[in-house]
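Per chain, numbering begins at 1; letters A, B, ... match sequence-line order.
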Amino acid sequence: MIDLKFLRENPDRVRSSQIARGEDPTLVESVIAADEARRTAIAEFEALRAEQNTLSKAVGAAAKEDRPALLETSKALAEKVKGADTAKSAAEERVREILLNLSNVVEEDVPVGGEADFKIIEHVGTPREFSFEPKDHVELGKILGAIDTERGAKVSGARFYYLTGVGALLEFALVNMAISQAGAAGFIPVIPPVLVKPSAMEGTGFLGQAAENVFHLEKDDFYLVGTSEVPLAAYHMDEILPANKLPLRYAGYSSCFRREAGSYGKDTRGIIRVHQFDKVEMFSFCPPEEAEAEHRRLLQWEKDFLNAIEVPYRVIDVATGDLGSSAARKFDCEAWIPTQNAYREVTSTSNCTEFQARRLNIRMKDENGTRPIATLNGTLCALPRIIVAILENHQQEDGSVRVPKALVPFLGGREVLTPVSA
RNA sequence: GGAGGACUCGCCUAGUGGCCGAUGGCGUCGGUCUUGAAAACCGAUAUAGGGAAACCUAUCGUGGGUUCGAAUCCCACGUCCUCCGCCA
């Protein structure tokens, strides 16, 4: 949710942000009009209410014989107050409704355009030249006894999989490596709930344009989170955080669930796009004026992790039209996937400024009083995709896979993953 | 799932229809005293909204209701605690 006052004072900023995103700029006018109506309604209600309050006091103080007359007027007034109250609530609700449909205001130098209009910030590492025909991760997963997509489909359907043997071990190793890296950077490790109430889902902005991609348990009105960003952001819902504790950084490890509606036919092979996967996510609460710097730090930690697993990747500045509604800016890291001859998104970091915090009613307190706080998130390690990147980039001709140096200690000293006998 | 009990301003607490935005203590902040500190004493100490301002309005777990008037009465829900049953 963007700030009403900011919108009132900078309608043009908001309008151009909406246009850059390819979203409706006329919402700005709607909010301003609704806000006018709201303020009028509030003034009316409050005037009546004040009158009623004084009158009510008079009733209590009045002599017995004067009461009936006073009660007469009071009763009539009570009716009016009720009406004005309803009108006020409706007007406020109206403003909120429109406000919730407005996306966050994008940062000034974000590239404008759609999904394809991202700007490449840098390339790190060079795609390897293979002296043999590289196998894809599905095949490697089979050879290593690490990934079983067939049985995943048998048991749960398309886009499900089992990680087995060395595949499961690889997940544990990567999670431990991620958590230990995060811990060194001051993140508090967290294992959050993955079923959340609508308020948490809505507060983080996932019930808007992203709604079709979340699993909903209708009977119990729970949502399955698509990322631990949700329970991490909502962790401090309705709280005021003291400034001297900021930035507060959390590293959440959880399963993530995504319906992948509208992606039929995309990435149907393998575990690039699945309904359920595990992820270590960084989340940060910090003062708004530090958000941009914090965003850069999150990006750096993502790069550190990718550097540690020794895969080539590039960093892109995601274009306005491809940002989530909460994000003012987003950087993606895309790892090189040899068999696709392409860079594919493996991590992503967003600066949500005060947008999420305002919806979740999270504020900070310093000597100048309470004010909104900024929230940021970034993927440290999305398991399946990182596993894909490792298997495909470090494979050897015989189907074995070299373990990146940094990961070796987390795999009990194992330096190579070797094919299991058939 | 069943039976009870609780929920008040950072914490603890007073408050059963108008004098209550709300008592007192603790904590915190400022001051007096002191070389400094402690103690003692004095004072301050919620949030949001409307208004140019004076000031006004809302908030006692949440939402409804009764009433001229609700922290206080009624209903529903939520959370926590205790006991019973079931269970990884």
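For Lys266(A) and Glu260(A), the salt-bridge test fails: no basic side-chain N is under 4.0 Å from an acidic carboxylate O. The pair Arg329(A)-Asp109(A) meets the salt-bridge criterion, since a charged nitrogen lies less than 4.0 angstrom from a carboxylate oxygen. Glu36(A) and Arg8(A) are not joined by a salt bridge, as no carboxylate oxygen comes within less than 4.0 angstrom of a charged side-chain nitrogen.
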For residues 83-97 of chain A, which side-chain donor-acceptor pairs fall under 3.5 Å, sequence neighbours excluded?
unit_1, atom_1, unit_2, atom_2, d
Thr86(A), OG1, Lys82(A), O, 2.9
Ser89(A), OG, Asp85(A), O, 3.1

Side-chain donor-acceptor contacts of residues 166-195 of chain A below 3.5 Å, not counting sequence neighbours, with atom names and distances?
unit_1, atom_1, unit_2, atom_2, d
Glu171(A), OE2, Tyr253(A), OH, 2.8
Asn176(A), ND2, Phe172(A), O, 3.1
Ser180(A), OG, Met177(A), O, 3.4
Gln181(A), NE2, Trp301(A), O, 3.0

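For the pair Arg359(A) (side chain) and Glu202(A) (backbone), a donor-acceptor distance under 3.5 Å is present. Put simply, the side chain of Thr164(A) gets close to the backbone of Gly145(A): a donor and an acceptor are under 3.5 Å apart.
Counting non-hydrogen atoms under 4.0 angstrom, Thr370(A) reaches the backbone sugars and phosphates but no base.
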query = Does the salt bridge (charged side-chain N to carboxylate O under 4.0 Å, His left out) test come out yes or no for Lys279(A) and Glu229(A), once each step is laid out?
reply = CA-CA 10 Å; Lys279(A) 180 157 68 81; Glu229(A) 173 191 345; over 6 Å; no
task = Output, in order, the C-alpha distance, side-chain angles, deciding distance and verdict of salt bridge (charged side-chain N to carboxylate O under 4.0 Å, His left out) for Glu46(A) and Arg49(A).
result = CA-CA 5 Å; Glu46(A) 288 188 354; Arg49(A) 186 57 146 177; over 6 Å; no
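Look at the P atom in both rU32(B) and rC9(B): the space between them is 33 Å, to the nearest Å. The P atoms of rA70(B) and rC33(B) are separated by 49 Å, rounded to the nearest whole Å. Comparing the C1' positions of rC56(B) and rG17(B) gives an interatomic distance of 24 Å, to the nearest angstrom. Nucleotides rA22(B) and rA71(B) place their P atoms 12 Å apart, quoted to the nearest Å.
Side-chain polar atoms of Ser348(A) and Asp332(A) form a donor-acceptor pair below 3.5 angstrom. Side chain to side chain, Arg15(A) and Gln18(A) fail the donor-acceptor criterion of an N or O pair below 3.5 Å. For the residue pair Ser228(A) / Glu281(A), no side-chain donor-acceptor distance below 3.5 Å is found, with atom types taken as modelled.
Between Asn53(A) and rU57(B), a side-chain N or O to OP1/OP2 separation shorter than 4.0 Å is present. Contact between the side-chain N/O atoms of Gln52(A) and the OP1/OP2 oxygens of rC68(B) is not found at any separation under 4.0 Å. Taking 4.0 angstrom as the limit, Arg363(A) places a side-chain polar atom (N or O) nearer than this to OP1 or OP2 of rA48(B).
Straight-line distance from the CG atom of Asp238(A) to the P atom of rG10(B): 14 Å, rounded to whole Å. Rounded to an integer number of Å, the gap from Leu71(A) CG to rU66(B) P is 17 Å. Remark: P of rG10(B) and CG of Asn244(A) are 18 Å apart, rounded to the nearest angstrom. Between the CD atom of Glu79(A) and the P atom of rC68(B) there is a distance of 10 Å, rounded to whole Å. Rounded to a whole Å, the NZ atom of Lys197(A) is 10 Å from the P atom of rG78(B). In this structure, Asn361(A) places its CG atom 11 Å from P of rG49(B), rounding to the nearest Å. Here rG50(B) presents its C1' atom at 13 Å from CD of Glu44(A), a figure rounded to the nearest Å. Going from atom CD1 of Ile240(A) over to atom P of rU28(B) covers 20 Å, rounded to whole Å.
For the atom pair CD (Gln276(A)) and CZ (Arg258(A)), the distance works out to 12.5 Å, reported to the nearest 0.5 Å.
Comparing Ala78(A) and Ala50(A) along RNA chain B, the residue whose closest nucleotide (by nearest heavy atom) sits nearer the 5' end is Ala50(A). Residue order along RNA chain B, read from the 5' end via each residue's closest nucleotide, puts Lys365(A) first among Lys365(A) and Arg49(A).
Under the 30°/60° scheme for interplanar angles, the aromatic rings of His236(A) and Phe285(A) are found to stand perpendicular. Ring orientation note: the planes of Tyr235(A) and Tyr250(A) are nearly perpendicular, at an angle over 60° on the 30°/60° scale.
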query = Which letters describe nucleotides 15-20 of chain B, given B = protein heavy atom under 4.0 Å from base, S = only from sugar-phosphate, - = neither?
reply = ---B--
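In the region residues 82-95 of chain A, proximity to RNA chain B at under 4.0 angstrom, judged on heavy atoms, holds for Lys82(A). Within residues 28-43 of chain A, the residues approached by RNA chain B to less than 4.0 Å at the level of any non-hydrogen atom are Arg38(A), Arg39(A), Ile42(A), in residue-number order.
Stem regions annotated for RNA chain B: B:1-7 with B:78-84, B:10-12 with B:24-26, B:27-32 with B:40-45, B:46-50 with B:55-59, B:61-65 with B:73-77, counting only runs of 3 or more consecutive pairs of Watson-Crick or G-U type with both contacts under 3.5 Å.
You won't find any donor-acceptor pair under 3.5 Å spanning the side chain of Glu46(A) and the base of rG51(B), going by distance alone.
Listed candidates were rC68(B), rU47(B), rU57(B). Nearest to the side chain of Phe45(A) is rU57(B).
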